[in-house]
Amino acid sequence: MSQASSFDQSFCIKTLERVLWKRDFLGVPAAGQAALRDKLLSQALASAISHFDHPSIPLAEFHLKGKAVYRLARHQDELVERKLRLNLKRCTSLAADGRSQIVKNLKLLLEEGVPYRIYRLDIRSFFESFQKSHVFDTVSSIRNLSPHSRKLIEALLNAHGAIGGRGVPRGLSISAALSEILMQDFDQKMRWASNTFYYSRYVDDIIIVSSARENEVDFLRELRSCLPPGLELNPDKKTIVAATARVAKESSIIAPSLLQFDYLGYKFLVKNPTKQEAGKTKDGELYRKVHVDIARKKIKRIKTRIIRSFLSYAKSSDWELFRDRIAFLTQNFSVYNPKAGGKKVAGIYHSYPLISEGAAGLKELDRFLRNAVLSKKGRVFSITNTIISAHQKRQLLAYSFARGHSNRNFIHFSATRISQIQNCWIY
């Protein structure tokens, strides 16, 4: 008996109870949690039976970074969606690599001494571009998915379309699962394409390492033809670089850059080995040197947050909040993860655990922070320099991105404090 057929896909009190999270009871006194549990489960069951209480619209829309994002308006509908996603997961082989694993694999491959070409590609308006008819056909073709699950997915997609939404609703966890299923055929074709050494995709970000023997134009044309209906590449977010010859020793002590590109928040810089580095190989083979740093876009965002922190302090004079913002940026911390029902770690190390030792990006951020603290020039810093005391400047200069990363320094903040810290960075 298959895993999907043995797994209970039904929507009942027992199966819905399994998708309850600790987050569902946040702020509810222990004495009232049992009553809330019973009420939530009863309402979720009614929602599942009525296909999200049709004809009401279960989705609420908000905008984030210029994109329409959706959430389920009622708590009970969230439970139904969680169960739906679990059903989908059990009926399909959704086993995509995580961000860190992709970066590790990519670094190892780039070290090889053979010729290769890198295609860094992006799919335009990923969630919004899937054609509804193709989505419905794909859902209908999922083996072992229960008819009730299919109808619930169709009800969500119809509700999304009824309020003007295109494709699949961005923001819902069920949409993330659906998009992976919709991309499976494309992923397989690209992974097994001739001349492809390595292929990976993280949502809408694609990376391909090829043999460099293919015709670039023909390769991209073939790739576009394999995309699901409605999807197309974003020409403004395309990077193609190549190492067209086998690895060779550099005669100089400092090797020039062979190629570089950004992917998943990291910058990859590839060089040929110097004579000294080539002489250290145990097997006699030459390997390229791959340096991993923070991507320029991410460095720029952190600098912007530093400036906004100084600007906010100039307006509010709230020293403790200002200091906490700099600590937050340069250290590591924990945040509540509702899916796990506990905390997960984040921060300068945990956001970029795979950057190389002595990464230039961290040193650049430290110089920027130091200049921000000490500078008497500029619209913002000319003001803050006069209102930050010498003692306070010493406190700020004690923070370091490089040390926060290498020492994995940890600082504790409450959820409320994190919200206050991040408030001046929202734009």
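Sequence positions, counted from 1, serve as the residue numbers for this chain.
- Arg150 places a side-chain N or O within 3.5 Å of a backbone atom of Ile142 that can act as its donor or acceptor partner.
- With rounding to the nearest 0.5 Å, the separation of CZ in Phe130 from OG in Ser179 is 5.5 Å.
- Within the 3.5 Å criterion, the main-chain N or O of Lys376 finds no donor-acceptor partner in the side chain of Ser382.
- Judged by distance alone, the side chain of Thr196 and the main-chain N or O of Tyr198 form no donor-acceptor pair under 3.5 Å.
- By the 4.0 Å N-to-carboxylate-O rule, Glu214 lies close enough to Arg117 to be salt-bridged with it.
- Checking side-chain atoms of Asp293 against main-chain N and O of Gly361 turns up a donor-acceptor pair under 3.5 Å.
- Under a cutoff of 6.0 Å and an axis angle of 45°, Arg408 and Tyr349 form a cation-pi pair.
- A 4.5 Å side-chain heavy-atom check between Val69 and Glu61 finds every atom pair outside the cut-off.
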- [ ] Check the pair Arg221 / Asp218 against salt bridge (charged side-chain N to carboxylate O under 4.0 Å, His left out), numbers first and verdict last.
- [x] CA-CA 5 Å; Arg221 185 186 298 117; Asp218 291 343; 2.8 Å; yes
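- A heavy-atom distance below 4.5 Å is found between the side chains of Arg323 and Tyr399.
- Counting only heavy atoms from C-beta outward, the side chains of Ile348 and Thr330 never approach each other to under 4.5 Å.
- A cation-pi arrangement, defined by a distance under 6.0 Å to the six-membered ring centre and an angle within 45 degrees of its axis, is present between Arg82 and Trp21.
- If you take OG1 on Thr239 and CD1 on Ile118, they are separated by 11.0 Å, rounding to the nearest 0.5 Å.
- Ring pair Tyr70/His160 is perpendicular by interplanar angle, where above 60° counts as perpendicular and below 30° as parallel.
- When every heavy atom of Arg308 is checked against every heavy atom of Cys424, the shortest pair comes out as CD-O, 3.5 Å.
- Counting heavy atoms from C-beta outward, Leu223 and Met190 have side chains that approach closer than 4.5 Å.
- No side-chain N or O of Ser375 forms a donor-acceptor pair with one of Arg370 less than 3.5 Å apart.
- Taken from CG in Asp262 to CG in Asp205, the straight-line distance is 11.0 Å, to the nearest 0.5 Å.
- Side-chain atoms of Trp425 and Ser309 include a donor-acceptor pair closer than 3.5 Å.
- Using a cut-off of 4.0 Å between Lys/Arg side-chain N and Asp/Glu carboxylate O, Asp187 and Arg201 are scored as salt-bridged.
- Under the 4.0 Å criterion applied to side-chain N and carboxylate O atoms, Arg288 and Glu112 are not assigned as salt-bridge partners.
- Under the 3.5 Å distance criterion, the side-chain polar atoms of Asn385 are matched with a main-chain donor or acceptor of Leu374.
- The CD1 atom of Ile206 sits 5.5 Å away from the CE atom of Met183 when rounded to the nearest 0.5 Å.
- For the atom pair CG of Leu64 and CZ of Phe62, the computed distance is 6.0 Å after rounding to the nearest 0.5 Å.
- Using a 3.5 Å distance cut-off with no hydrogens or angles, the side chains of Gln188 and Tyr199 do not pair a donor with an acceptor.
- The backbone N or O of Ser419 lies less than 3.5 Å from no partner atom in the side chain of Asn423, so there is not a single donor-acceptor pair.
- Minimum heavy-atom separation, Lys289 to Pro273: CG-CA, 4.1 Å.
- The closest side-chain donor-acceptor pair between Asp77 and Ser47 falls under 3.5 angstrom.
- At least one donor-acceptor pair under 3.5 Å links the side chain of Gln9 to the backbone N or O of Asn144.
- Under the 4.5 Å side-chain criterion, counting only non-hydrogen atoms from C-beta, Val241 is not in contact with Tyr119.
- Atom NE2 of His63 has more than 12 heavy atoms from other residues, nucleotides or ligands within 6.0 Å.
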Open item on the list: Would Lys89 and Glu180 count as a salt bridge (charged side-chain N to carboxylate O under 4.0 Å, His left out) here? Give the steps.
Closed with: CA-CA 10 Å; Lys89 187 177 178 181; Glu180 289 303 305; over 6 Å; no
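- Residues Arg37 and Phe25 meet the side-chain proximity criterion, which asks for heavy atoms closer than 4.5 Å.
- Checked for salt-bridge contact, Arg124 and Asp204 miss the test: no charged N lies under 4.0 Å from a carboxylate O.
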Task: Test log, rule side-chain hydrogen bond (donor to acceptor under 3.5 Å, both in side chains), inputs Arg191 and Ser200 - done: CA-CA 8 Å; Arg191 195 169 283 117; Ser200 191; 5.8 Å; no
TODO: Decide ring-ring contact (aromatic ring centres under 6.0 Å, His included) for Phe322 and Phe310; before the verdict, give the C-alpha distance in whole Å, the side-chain angles of both, and the deciding distance to 0.1 Å.
DONE: CA-CA 7 Å; Phe322 178 38; Phe310 275 77; 4.8 Å; yes
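- Applying the side chain to side chain donor-acceptor pair (under 3.5 Å) test between Glu78 and each of Arg71, Lys83, Arg23 identifies Arg23 as the sole match.
- Closest non-hydrogen pair, Thr244 versus Pro115, comes out as O-CB, 3.6 Å.
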Open item on the list: Between Gln101 and Asn105, does the side-chain hydrogen bond (donor to acceptor under 3.5 Å, both in side chains) criterion hold? Intermediate values first, please.
Closed with: CA-CA 6 Å; Gln101 189 58 53; Asn105 293 343; 2.9 Å; yes
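- Between Phe333 and His412, a ring centre-to-centre spacing not shorter than 6.0 Å is recorded.
- Closest non-hydrogen pair, Ala314 versus Thr384, comes out as CB-CG2, 4.0 Å.
- Closest approach of Ala243 to Leu258, counting heavy atoms only: CB-CD2, 3.8 Å.
- Checked against Phe261 for a side-chain contact (heavy atoms from CB on, under 4.5 Å), the options Leu269, Ile240, Ile207 give a single hit: Ile207.
- Ion pairing of Lys363 with Asp366 is absent here, as no side-chain N (NZ or NE/NH1/NH2) approaches a carboxylate O to less than 4.0 Å.
- Leu59 contributes atom CG, which lies 5.0 Å from atom CD1 of Ile163 (distance to the nearest 0.5 angstrom).
- Without hydrogens or angle criteria, Ser175 side chain to Pro169 main chain gives a donor-acceptor distance under 3.5 Å.
- A donor-acceptor contact shorter than 3.5 Å links the side chain of Ser225 to the backbone of Glu222.
- Using a 4.5 Å cut-off on side-chain heavy atoms (C-beta onward), Phe328 and Ile418 make contact.
- Distance alone, capped at 3.5 Å, is enough to place a donor-acceptor pair between the Glu81 side chain and the Ile174 backbone.
- Shortest non-hydrogen contact noted between Leu152 and Ala48 is CD2-O, 3.7 Å.
- At a cut-off of 3.5 Å, with distance as the only test, a side-chain donor of Asn87 or Ser149 sits close to an acceptor on the other residue.
- Counting only heavy atoms from C-beta outward, the side chains of Leu321 and Arg417 approach each other to under 4.5 Å.
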